[in-house]
Amino acid sequence: MIYDCAIIGGGPGGLNAALVLGRARRSVALIDNNRPRNAVTHASHGFITRDGVTPAEFRRVAHEELQRYPSVDHLPFEVVSVSQAQGGFEIEDLGGVRVQARRLILATGLKEIFPEIEGLSPLYGKSLFNCPYCDGWELRDQPLAIVSEYPTVFHMAKLLLNWSKDLLVCTHGQASLTEEQKMQLESKGIVVIEQPVAAFHGQNGRLEHIRFADGTIVARTGGFVAPKLVQSSTLGEQLGCEITELGGIRTDDKGQASVSGVYAAGDASYFAPSQLIFAAADGSRMGINVNMDLTEEDFNN
């Protein structure tokens with residue numbers, strides 16, 4: 001069987017693309033390795049009617065809804081290669097199973113690379129996060145830390161003043177703030193520490209204090225840690241798709257990559273804002289664009 005479209009990635013972008021295409025009576029292979037980036041998150045926020053939903057529940061409901069459409073197949077595969085074949089694409093999984101499709105949507109998303117700081121892992125997703133729009137409300141009015149090695153820490157500090165006035169900026173040993181920026185932050189009562197962070201300390205997922213390389217200890221109850229975001233898959237590069245300066249798949253205004261028939265949805269093509277609702281909306285857009293592409297091809301043949 002040659003599917004109308006194969007979607008690699010079962011996050012909100014891929015799921016919504018599958019929904020749109022299923023409702024358009026297209027045959028769809030939704031290929032997902034079941035390792036979502038937000039698996040450690042206790043709840044997802046900012047998506048109207050789904051505010052506070054757990055990632056597991058979101059996926060459960062999505063798959064339940066997709067089961068209404070018999071042309072959508074969920075394939076729990078680990079994709080190892082993608083190539084152009086017979087006017088379309090061939091996807092191969094870890095076990096050697098091959099799937100063919102006329103069109104391809106890459107919705108593989110991003111992965112986070114966090115600084116190696118002792119104690120971060122058991123606190124992440126519980127009292128340490130990376131997106132204030134997702135989790136700022138839950139940490140409102142608490143003594144918070146912002147840990148970032150990047151110049152964007154200045155913007156993050158300004159932004160977080162909407163949620164808490166008790167802020168500590170930690171540049172983790174990097175000179176990521178100018179002297180003028182440090183003075184501006186300090187004028188707002190924001191403390192800046194440029195010492196590397198040695199460890200986060202807390203219990204049961206709750207941050208209690210931060211220890212710095214020079215032995216300084218500062219009490220905090222929550223905060224935000226900026227990861228380095230990179231593409232979780234190189235499949236676009238395998239196909240020869242053009243990549244942006246930020247590492248995403250370069251697309252045109254219809255979401256099509258430089259390789260004809262390849263589309264990129266959600267975080268596979270852009271890095272920010274990295275939110276559930278944006279990825280789902282982009283997946284819907286890609287589903288519509290792929291259906292229009294197939295419609296034109298079918299009508300003219």
Atom pair [atom1] ([X]) and [atom2] ([Y]), whose distance is rounded to the nearest 0.5 Å:
X	Y	atom1	atom2	result
Leu144	Leu160	CG	CG	6.5 Å
Leu104	Ile8	CG	CD1	5.0 Å
Leu235	Phe89	CG	CZ	12.0 Å
Cys131	Gln275	SG	CD	5.0 Å
Leu15	Ile7	CG	CD1	8.5 Å
Leu185	Leu167	CG	CG	9.0 Å

Applying side-chain contact (heavy atoms from CB on, under 4.5 Å), can you list everything that pairs with Ile113, at least two apart in sequence or on another chain?
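For Ile113 the side-chain contact (heavy atoms from CB on, under 4.5 Å) partners, ignoring immediate neighbours, are Lys228, Val230.
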Could you name each residue pair satisfying ring-ring contact (aromatic ring centres under 6.0 Å, His included) that touches residues 170-191, not counting sequence neighbours?
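Listed once each, the pairs would be none.
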Enumerate the residue pairs fulfilling side-chain hydrogen bond (donor to acceptor under 3.5 Å, both in side chains) with a member in [range], sequence neighbours excluded, ordered by first and then second residue.
range	value
residues 253-262	none
residues 292-301	Arg26-Thr295, Arg26-Asp298, Arg102-Glu297, Arg102-Asp298, Arg103-Asp293, Arg103-Glu297, Tyr263-Asp293
residues 61-71	Arg23-Tyr69, Arg60-Glu64
residues 144-167	Asp166-Arg220

Which ILVMFWY residues can you reach from Met183 by hopping between side chains whose heavy atoms are under 4.5 Å apart?
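Joined to Met183, directly or through intermediates: none.
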Quick one: name the residues clustered hydrophobically with Leu94, using the 4.5 Å side-chain heavy-atom rule over I, L, V, M, F, W, Y, and just say none if it's on its own.
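Other cluster members: Val80.
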Under the salt bridge (Lys or Arg N to Asp or Glu O under 4.0 Å) rule, collect the residues that match up with [X], sequence neighbours excluded.
X	result
Arg250	Glu242, Glu245
Glu180	none
Glu92	Arg98

Heavy-atom closest contact ([X] atom, [Y] atom, distance):
X	Y	result
Ala6	Ile31	CB-CD1, 4.5 Å
Leu276	Ser44	CD2-CB, 4.2 Å
Phe212	Gln195	CD2-O, 3.6 Å
Ala107	Gly14	CB-N, 3.7 Å
Leu30	Gly10	CD1-CA, 4.4 Å

Is it true that [X] and [Y] fall in one hydrophobic cluster, defined by side-chain heavy atoms closer than 4.5 Å?
X	Y	result
Met286	Val20	no
Val61	Val72	no
Phe299	Val290	no

Enumerate donor-acceptor pairs with a distance under 3.5 Å from any side-chain N or O in residues 199-207 to protein atoms, sequence neighbours excluded.
residue : atom : partner : partner atom : Å
His201  : NE2  : Arg211  : NE           : 3.3
Arg206  : NH1  : Lys126  : O            : 2.8

